[in-house]
Amino acid sequence: MQAVFEGTVIANADDADVVVIEGDRYFPPTSITEGVLQAGSTSESPSGQGERQSYAIRVGEQDHEDLAWAHLHPSAEAVERAGVDFSGYVAFAPAVTVREGVVPQEGALP
């Protein structure tokens, strides 16, 4: 599975490693392209998942604010509901395209 924004691969993971929570796909931290996320503000998640870290996506020299987020320390209740510890997993706003299926070779887009 890939997360792509403006032609840039933001995350690349096997479908089985991506966690779906309340309709959002959360990519493991190791799948995120290095240097593309810029930490923003933190806030309490409205869905009770715990503190939420927002990220901007950097493409070239431009930062696109609030297009990604992660729960660095999700609440115990959220982990129990998800069935997996998703600490640090990153989800994306609808402006980011998520492509399901086989992960292509590095650098290639299907």
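The side-chain heavy atoms of R81 and E22, taken from C-beta on, include a pair separated by under 4.5 Å. Within the 4.5 Å cutoff, the side chain of V4 has heavy atoms near those of the R99 side chain.
Among all heavy-atom pairs drawn from A11 and T33, the shortest one is N-OG1, 4.1 Å. The two atoms that bring Q53 and G40 nearest to each other are NE2-O, 2.8 Å, heavy atoms only. Taking each heavy atom of P29 and S87 in turn, the nearest pair found is CG-O, 4.2 Å. The two residues A93 and D66 come nearest to each other via the heavy atoms CB-O, 4.3 Å. When all heavy atoms of R58 and G35 are compared, the pair lying nearest together is CB-O, 4.4 Å. Here the shortest heavy-atom pairing between H71 and F86 reads CD2-CE1, 3.7 Å.
Y89 is not connected to L72 by any chain of hydrophobic side-chain contacts under 4.5 Å among Ile, Leu, Val, Met, Phe, Trp and Tyr, and they are in different clusters. No continuous path of hydrophobic side-chain contacts links I32 to V19 [ILVMFWY only; heavy atoms under 4.5 Å]. Following chains of ILVMFWY side-chain contacts shorter than 4.5 Å, one can reach L67 starting from F27, so the two form part of one hydrophobic cluster. Residues V18 and V84 do not share a hydrophobic cluster, clusters being chains of Ile/Leu/Val/Met/Phe/Trp/Tyr side chains in contact below 4.5 Å. Y55 and V96 fall within the same hydrophobic cluster, defined by Ile, Leu, Val, Met, Phe, Trp and Tyr side-chain heavy atoms under 4.5 Å apart, directly or through other members.
Residue T97 holds its OG1 atom at 10.5 Å from CD of E6, rounded to the nearest 0.5 Å. A distance of 4.5 Å separates CD1 of I10 from CD1 of I57, quoted to the nearest 0.5 Å. Here CD of Q38 is found 5.5 Å from CG of D63. Values are rounded to the nearest 0.5 Å. M1 CE to E100 CD: the interatomic distance, rounded to the nearest 0.5 Å, is 4.0 Å.
The closest donor-acceptor contact from the side chain of E51 to the backbone of H73 lies at 3.5 Å or more, if one exists at all. A donor-acceptor pair under 3.5 Å is absent between the side-chain atoms of N12 and the main chain of S31, judged by distance alone.
In this structure, H64 and F5 have perpendicular ring planes: the angle between them is above 60°, well past the 30° mark.
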>> Determine whether W69 and F92 satisfy the following criterion, side chain to side chain contact (heavy atoms under 4.5 Å, CB included), listing intermediate values before the conclusion.
In response: CA-CA 7 Å; W69 64 90; F92 300 97; 5.6 Å; no

